[in-house]
Novice: 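What follows is a structure written as structure tokens; I'll ask about it next.
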Amino acid sequence: MENIISNLFKMIGLPTEVAYILAFFAAAGLLFFVLSLVGQVAVVFMVLMERKILAWITQRKGPNRVGPWGLLQTVADGVKLLFKEDIMMPHQDKLLFTLAPVLFFAPTFVIYALIPFTDQLLGINLGLGLLFVFALSSLGVVGMVLAGWGSNNKYSLLGGMRSASQAISYEIPLVLSALAVALAAGSLNIREIVETQNAGGFGLFSWYAISLLPLTFVIFWISSIAEVNRIPFDLPEAESELVSGYNTEYSGMKFALFFLAEYASLFGMSALMAVLFFGGYYSPFGGLITQNLGIDIPVVHQLEMATWIITKTYIFIALAMLIRGTLPRLKPDQLMGFSWKFLIPLSLVNLFMVAILKMAWLQENIPTIPLFGREISVCYLGTYAALFLLLIATLAGFGSIFKRKVVPHIQLQQRTV
Amino acid sequence: MTDNKVLSGIVEIGRGMATVGKHLFRPPVTLEYPEVMPELSKRFHGRLCLLTKSSGEDLCIGCQACARVCPCGDLIQIEMHRDDKKQPVIDRFTIDIGRCIFCGNCTEVCPVDCIKMLNDFELADYSREALVLDKSGLSLSGEESDKYRKEHGLEPHVE
Amino acid sequence: MSSENEIDKPQEQQSETVTPEPKAEEQQPIEPKEVKEPVSAEAGEAPEEAVAEKPAKPARKAVTPKASAEEGAAAEPSADGEAKPKAKPAAAAAKAAPAKKEEVPPPPPEPGRYAQLLMANGFKPVPLGNDAGGIEMIELNPSELREACQFLRDSDASRFDLLVSIAGVDWKTSLQAVYHLYSTATYQKLAIKATAVDDKLPSVESVWITADWHERETYDLFGIIFEGHHKLERILMPADWIGHPMRKDYKVEDPRLVWNER
Amino acid sequence: MSTTANFPTTSQGVFLEKDIDTNDMVVNIGPQHPSTHGVLRLITTLDGELVKEIEPVIGYLHRSKEKMAESRSLFQYQPTIDRVEYLSSFFDHYAFVAALEKIADLHVPKRVQYIRMITMELNRITSHLLWFGTYLLDLGATSPMFYAFREREKILSLFEDLTGARMMYNYYRFGGVVADMPEGWLDKVRAFLDEAPKRFDEYEAIVSKNPIFLDRTMGIGIIQPEVAIQYGVTGPTLRASGVNLDQRKANPYCCYDEVEFDVPLGTKGDCYDRFVVRMQEMRESLKIIRQAVDNMPGGDTADLNKRRESGDETANDVELQTYGKKINLITYKPPKGEAMVTVESPRGFLGCYMITDGTPKAYRIKWRGASFSNLSILPELMRGRLFPDLMSIFGSIDVILPEVDR
């Protein structure tokens, strides 16, 4: 990339320094444009997708009036929100009330810059990319708390406080399970994590969702749903209790910012899951299909990569929507208890087991047996089997802690009067 | 293992999601209303109307029975006089549909089966005054009345 | 509305559809409000201690339970608590009098199962026969209402542990509360009537907790003051409402809310 | 999943000992709130997420149904009582009509009673279905509501065929019903009876063993039977506490003594028991309807009409008659009398206390709403519970506000 640009500028006759500066601004502008476009389009599409999926699982048709198949419904809603009156009450803290949506909105969109959609289409390739992602995603909570406080509304306050406590609880298992990934990959660079997964060469089986303990992924998944405040963890905006939680008082464009940011963070988290656990932009068969077929056109490769990661991301989004349609909401004490008593110990155990697994991988001169057409280390398989048994035992142990009789004793009685 | 709460919980959540997911492949049960009208039953309590004789003359005899059983007060207003042959002539018959609760009491007490309910339920209008229907707005024509009587199994009108 | 009344109605209907206005007076032989006949006129024939002692100062005159009980029929169980007997013979209710005289005063009803039970335990219930649904009715003196209720709830022979409802009734001369009891052990029903003295009745909140809201409702709508209730406030009407809407003499102030009689 | 071990679990309410003294927060829940199912205001004193005190304020939906009876003739008043409890208005009508029938000693034909029984039980299912959907919605699950409404709509279509209305039926008359069943109606009911159990199974597959649902309902809002009776709680809420009180069995009205069914009883009296009891009751209702449909006196309408047309004398034994056509409804004057009729509505004892004085109007009509008493236990249950438990508990006692305020 850089060479192309510098060569281009050399041809024109500009000094290389100027070329770099211009290239930087051009790239930044292009990136911003692409990101915001991708983000907005993704969010707009996701809102529609959510409404459609929720409609289909309840045997309805969903939005179908605005545009073909209701495609423009969200646009219409957005336009409505744009032109809606922005109500602000005199008792509200104006600064915090205005700042909150921005603080909530901005970080969630910045995460897009760190997601490698292809190996080239990547906003910033940070060495500590994973860390930066979690730093950003926890920043959004500040926006929620500010919204809860600045609204001067009791429901909002409860919602904001709930979001704070929820974020504190669920970021720990989230980060701990991501840490296991970083440990296995040996890097915090997100692109490197993707490449490491592909370097295993087993395709699907070298993805961290499978090659690393699947438990890691499950913990990450649950925590990420809690992180983006979706059912069953949508306590900050539990509409049956807190009306609308932290955004009760918001209307118009400020509300739209909250609304967009929620979906954007869902997209970000789903993309992160695809990247960390599902091989990112690589196909499930190892490498790229077009590459394996011998088509050697870079653009085609880039397109295929983008297709894979977008597909994986949307599968997780669809799953989150299906969960939303099925599950009831947890209570705050259950939410906390689930995190502190169950997920955090489990993720610590998991981290420990992944460390053992990593050590097993690092062993050399170990006999191998052929499996799936590859030579797989016996040590690896043995560790894996042992850890799986350990996991079952751990789950059973947790189960006995929370054991309670599930089947109620309802008796049917025939009355005799 | 069966009473393990964690494992059974995972299984049950999976079962629930599968049941919900199954509905993805079922056809929708909702109607696209303005294009597809719902099928209403014959007894549907819709807009009130006045049946007429086959010739198109008023069937109503102005007995005020419907007005008197109406739970909404002075919703039905009837003014009538008798002509020289002592036959009732309806001067004014108005129904304020905007206040009607569609209970069907009036249709039940009508001695001549004149006031009836149609399947028409789209009654919205831009002003309250427009919802006060007078005799011309309420009355069906002679053919429509005959059709209504035939469809609903009423005795055909005989002079 | 007024235009409606001028319409000449068809002949065939005129006979049976009398306009309700005059009918109401004719059929409700209830003594007009302004009758100033004191209670003592009645006390002679039905000397009920607690009631007769009090001269009728407040809005409602105290009325003896006996009076209604005697004319309330056993054979015609429905006629129990009707306002009619309060038609004081001499002074008022001239219209109602001729209709009433033709009726033979039926004998007082036999005490039912629970009336006997109460009598055997030192209470003085007035049996009122059964209502149309076969539920035994008892009139109790307010002074012993709470104790009798407590007894009915706790006694093994009755076990009326469920208070179904408290219905206030305005008999124009007096306010009455009707307690419908139910036994979750024997599935029997019982109706207790108590006539308010000076608009006051003892609260049975200590017997059934559910009486709390029911008494508040009856107070709200009828103005019966339940003495001993911990928080006798309005429950259905707004807190600043004036008057008790279910009383027969309640006047609706807002002309838009007045029901146009047809 | 966690339990609520950290928080007091008795319904009597034991507070946590606090180290830090914080101010209580008073939250006005309602009158407009997504989960108050109408216009109910709950003045809630919160300590964090802990409910210290809750006080229901009712009356926002007071439409003075009892006062309306004073100005309307009985027949004129009848359509308005649909609105007393609009989710199961057949029960309102039955209480009203039965009270009058008792006072006037009207004979009610058996076929009419069977039609009433079918409609009431179908109505019980619609009411429980709506409760099921909204309860799950309160707990956060969205799709069960749509499934419940799907089946409810089917029953409402049946009602539309029968009565002409989907919610405000105005179908029962003194001594009869407005009209006999239309042709083929019973077949539609049978089709529904065949389909419904499968759907109910689906509902249970979605929620009834879901760990989150169990955590939110089991052991929450336990009502002791004695406390329930003291508070006048009736219906499924009481039966979930183990009190065997179903008026259909205890004091059979209509023709309930001719059908066989069971009364589901709970053991613990928590929210989950109430859920299971209601779900079971729907199945029991199906059982009743099936028996009533099969044993319908006089058979289907088509047969009845055919037999009548052919001059069959036995067709008259059925004596389906609608008093609405026989007695003059406009000026119908019931004799003097009084009657209290309580029916087992989907929420408990729905009572109509009627005093007539020989005029076309009733002298006094008192409505006893089951929800009115059931709601009064809420402060007792909520004391010392978590704020989100309010939705579990309030939803599970199935209060409908028009019945509270009447």
Side-chain angles (χ1 to χ4, degrees), chain A residues 53-60 153-155 157-158 161-162 165 231-235 238-244 321-343 398-399 401-417, chain D residues 1-7 25-28 33-35 46 48-49 136-147 150 206-207 209-216 218-219 242 244 246 249-251 260 262-268 272-273 276-277 280 284 386-392 395:
Chain A
I53 285 186
L54 284 182
W56 287 336
I57 61 173
T58 50
Q59 291 187 275
R60 292 179 290 125
N153 175 321
K154 286 164 184 169
Y155 293 124
L157 182 64
L158 275 172
M161 292 302 143
R162 278 181 178 189
S165 58
I231 282 178
F233 303 102
D234 66 335
L235 293 170
E239 84 272 356
S240 65
E241 298 149 24
L242 302 182
V243 188
S244 194
M321 285 161 186
L322 195 60
I323 288 173
R324 178 182 167 179
T326 316
L327 292 185
R329 183 182 301 118
L330 283 163
K331 281 197 302 189
D333 63 326
Q334 292 167 350
L335 182 99
M336 300 298 152
F338 183 61
S339 172
W340 290 99
K341 291 188 200 159
F342 188 80
L343 274 187
F398 276 119
I401 292 172
F402 300 105
K403 190 162 74 180
R404 196 170 52 186
K405 206 155 268 177
V406 171
V407 184
H409 296 286
I410 294 290
Q411 45 189 338
L412 290 172
Q413 289 185 3
Q414 186 75 45
R415 152 176 314 296
T416 49
V417 179
Chain D
M1 305 282 153
S2 75
T3 60
T4 54
N6 280 354
F7 293 93
M25 187 163 78
V26 179
V27 182
N28 251 317
H33 188 273
S35 64
L46 286 178
E49 291 262 351
L136 267 293
L137 196 64
D138 282 351
L139 296 183
T142 45
S143 48
M145 191 191 85
F146 290 98
Y147 303 151
R150 180 186 61 196
I206 296 170
V207 291
K209 280 181 184 165
N210 186 307
I212 300 175
F213 179 74
L214 293 185
D215 264 351
R216 289 211 59 179
M218 278 189 122
N244 193 350
D246 189 331
K249 286 272 189 196
N251 317 90
E260 278 187 13
D262 296 324
V263 180
L265 293 179
T267 49
K268 292 198 210 107
Y272 189 69
D273 275 7
V276 175
V277 163
Q280 281 292 338
E284 296 300 325
L386 276 178
F387 181 45
D389 282 340
L390 174 63
M391 280 74 226
S392 305

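Below, all heavy atoms of this structure are taken into account, side chains as well, without hydrogens, waters or symmetry copies. Chain A is the first sequence line, chain B the second, and so forth, proteins listed ahead of strands; every chain is numbered from 1.
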Novice: Between Thr58(A) and Tyr147(D), which heavy-atom pair has the shortest distance, and what is it?
Specialist: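 For Thr58(A) and Tyr147(D), the tightest heavy-atom pair comes out as CA-CE2, 3.8 Å.
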Novice: So, taking the atom named CE in Met25(D) and the one named CG in Leu158(A), what distance separates them when rounded to the nearest 0.5 Å?
Specialist: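 The CE atom of Met25(D) sits 4.0 Å away from the CG atom of Leu158(A).
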Novice: Nearest 0.5 Å, what's the OG-CG distance between Ser143(D) and Leu322(A)?
Specialist: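 Rounded to the nearest 0.5 Å, the OG-CG separation comes to 8.5 Å.
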Novice: Among Leu390(D), Asp138(D), Leu136(D), Val207(D), single out the residue with the greatest number of heavy-atom pairs under 4.5 Å to chain A.
Specialist: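 Heavy-atom pairs under 4.5 Å are most numerous for Asp138(D).
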Novice: From Asp333(A) CG over to Leu386(D) CG, what is the distance, rounded to the nearest 0.5 angstrom?
Specialist: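 The distance works out to 4.5 Å.
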Novice: Quick one: what part of Leu343(A) sits under 4.5 Å from any heavy atom of chain D, side chain, backbone, both or neither?
Specialist: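 For Leu343(A), neither part sits under 4.5 Å from chain D.
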Novice: Donor-acceptor check, side chain of Lys154(A) to backbone of Val26(D), threshold 3.5 angstrom: yes or no?
Specialist: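 Flag set: sc Lys154(A) to bb Val26(D) pair under 3.5 Å.
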Novice: State, to 0.1 Å, how close Phe387(D) and Leu242(A) come at their nearest heavy-atom pair, and which atoms those are.
Specialist: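 Between these two residues, the closest heavy atoms are CE2-CD2, 3.4 Å.
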Novice: Taking all heavy atoms of Ile212(D) and all of Pro232(A), pick out the closest pair and write down the distance.
Specialist: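 Heavy atoms of Ile212(D) and Pro232(A) come nearest at CD1-CB, 3.8 Å.
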Novice: Of the backbone (N, CA, C, O) and the side chain (C-beta and beyond), which part of Asn210(D) lies under 4.5 Å from a heavy atom of chain A, both, or neither?
Specialist: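 Just the side chain, heavy atoms under 4.5 Å.
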Novice: Can you confirm whether Ile57(A) sits close enough to Phe146(D) that some side-chain heavy atom of one is under 4.5 Å from a side-chain heavy atom of the other?
Specialist: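 Counting from C-beta outward, Ile57(A) and Phe146(D) never come under 4.5 Å.
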Novice: In terms of heavy-atom proximity below 4.5 Å to chain A, should Phe213(D) be classed as side chain, backbone, both, or neither?
Specialist: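 Both parts, backbone and side chain.
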Novice: Measuring only between side-chain heavy atoms, which start at C-beta, is Pro388(D) closer than 4.5 Å to Arg162(A)?
Specialist: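 Contact flag for Pro388(D)/Arg162(A) side chains = yes.
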Novice: Is there side-chain contact between Asp215(D) and Lys331(A), with at least one heavy-atom pair below 4.5 Å?
Specialist: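 Asp215(D) vs Lys331(A): side chains apart.
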